[in-house]
Amino acid sequence: MSSEPPVRYELSGSTAWITVDRAAALNALDRATVRGLAEAVERAAGDAAVRAVVLTGAGDRAFIAGADIQELQVRTLATESRPDGGGRRALAARLEGLDKPTVAAINGVALGGGLELAMACTLRVASERARLGLPEIKLGIIPGNGGTQRLARFVGWGRAMEMVLTGEPIDAPTALAWGLVNRVAGHERLRAEAQALADTLAQRPPLALRAAKEAVLASRELGVEAGGDLERMLFAMCCGTADKAEGVRAFLEKRAARFTGE
């Protein structure tokens, strides 16, 4: 068994790159990897210098190929009903709720828990070689980390039902057409494309970015009226920031804004 940690954490400017580093196992999610991912996400969350996060997988074949089958064999009603049985679901929720934008750089297959984590990211860039799916039904189970809940919000009820019930994956162009990913890049260009997108997000005012992400996520649960009230409150808060004053001043002076997160 390898003694190398299953998750790498690297900084590229103001972007934290979190890489699942189990290429030989197609970056499958075992317990150690889930723990490593949770620790990496918290590390990025606590670093004020980090303005954006990219999640990806090692190698050329897989982003994250889902659960580790050896561990899945011993998961039972009892293990999954324990209070600590929802660690993978908690990871997806933490990733989605992070107050910094996240980009999934999908460099290969994103299946099961891998697709669930990609859907929890703010944006998704897929390699032209990527295939995305929720194949759990073929193993006699269903998605357990938010897949049945998030997928329909991206692709619609009918397409989500087909993907979940058949377990068949879709290719990158289909994922783009259905709205499951934001961009598709040539395989060799994927990292550069994800970095460029992260750089763009990192240049935006952090407080406004956080408020915008909160408002869009809340739109899934709130009606238009309640969502509009939240939006107005967040808008008002943004109007009281130094970044707002700097953004307007920079626009009038025809120069690039220098946002500080204040």
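Sequence positions, counted from 1, serve as the residue numbers for this chain. Hydrogens, waters and symmetry mates play no part in the numbers below; they use all other heavy atoms, side chains included.
- Across Ala28 and Thr33, no two heavy atoms sit closer than the pair O-OG1, 3.9 Å.
- Atom CZ of Arg124 and atom CG of Leu197 lie 10.5 Å apart (nearest 0.5 Å).
- Clustering ILVMFWY residues whenever any of their side-chain heavy atoms sit less than 4.5 angstrom apart, transitively, puts Ile170 in the very cluster that holds Phe63.
- Shown are Val41, Leu37, Val7; of these, the side-chain contact (heavy atoms from CB on, under 4.5 Å) with Leu55 is made only by Leu37.
- Considering only heavy atoms from C-beta on, Pro101 comes within 4.5 Å of Leu209 through its side chain.
- The shortest distance between side-chain heavy atoms of Pro169 and Leu111 falls below 4.5 Å.
- Cluster annotation: Val103 and Val20 are assigned to distinct hydrophobic clusters (Ile/Leu/Val/Met/Phe/Trp/Tyr, side-chain heavy-atom contacts under 4.5 Å, transitive).
- Rounding to the nearest 0.5 angstrom, the gap separating the CE atom in Met163 from the CH2 atom in Trp178 is 6.5 Å.
- At least one donor-acceptor pair under 3.5 Å links the side chain of Asn107 to the backbone N or O of Gly57.
- Other members of the cluster containing Phe251 are Val248, Leu252, with ILVMFWY side chains joined at under 4.5 Å, either directly or via other members.
- Side-chain contact of Thr122 with Thr102: a donor-acceptor pair under 3.5 Å is present, judged by distance alone.
- Residues Arg43 and Glu39 have side chains not in contact (no heavy-atom distance under 4.5 Å, counting atoms from C-beta outward).
- One distance of note links CD1 of Ile106 with CD of Glu128; it measures 14.0 Å at 0.5 Å rounding.
- Residues Arg61 and Leu26 have side chains in contact (heavy-atom distance under 4.5 Å, counting atoms from C-beta outward).
- When every heavy atom of Ala49 is checked against every heavy atom of Ser14, the shortest pair comes out as O-CB, 3.5 Å.
- Clustering of Ile, Leu, Val, Met, Phe, Trp and Tyr side chains at separations under 4.5 Å places Met233 together with Leu222, Leu230, Leu234, Met237.
- There is a path of hydrophobic side-chain contacts, each under 4.5 Å, that joins Leu95 to Leu134.
- For the pair Asn182/Val125, no side-chain contact is recorded, criterion being any heavy-atom separation below 4.5 Å from C-beta on.
- Contact annotation: the side chain of Val164 never approaches that of Ile137 to less than 4.5 Å [non-hydrogen atoms, C-beta and beyond].
- Minimum heavy-atom separation, Ala126 to Ala172: CB-CB, 4.4 Å.
- Note that CE of Met119 is 10.5 Å distant from CZ of Arg153, once rounded to the nearest 0.5 Å.
- Counting heavy atoms from C-beta on, the side chains of Arg131 and Glu168 never come closer than 4.5 Å.
- By the 4.5 Å heavy-atom criterion applied to side chains, Leu115 and Leu180 are counted as neighbours.
- Between the CD atom of Glu116 and the CG atom of Leu151 there is a distance of 9.5 Å, given to the nearest 0.5 Å.
- Every residue two or more places apart in sequence or in another chain that forms a side-chain hydrogen bond (donor to acceptor under 3.5 Å, both in side chains) with Trp17 is listed here: Gln195.
- Put simply, Ile18 and Leu98 are part of the same group of oily side chains (I, L, V, M, F, W, Y) that touch within less than 4.5 Å, one to the next.
- For the pair Ala44 and Tyr9, the tightest heavy-atom approach, listed with the atom from each and the gap, is CA-OH, 3.3 Å.
- If you chain together hydrophobic residues whose side chains sit under 4.5 Å apart, Phe154 and Leu165 fall into the same group.
- Scanning all heavy atoms of the two residues, the minimum distance from Phe259 to Gln203 falls at CD1-O, 3.4 Å.
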Self-check item: Residues Arg159, Glu162; criterion salt bridge (Lys or Arg N to Asp or Glu O under 4.0 Å); working and verdict
Solution: CA-CA 5 Å; Arg159 286 168 173 164; Glu162 179 180 354; over 6 Å; no
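- Scanning all heavy atoms of the two residues, the minimum distance from Pro143 to Glu136 falls at CG-OE1, 3.6 Å.
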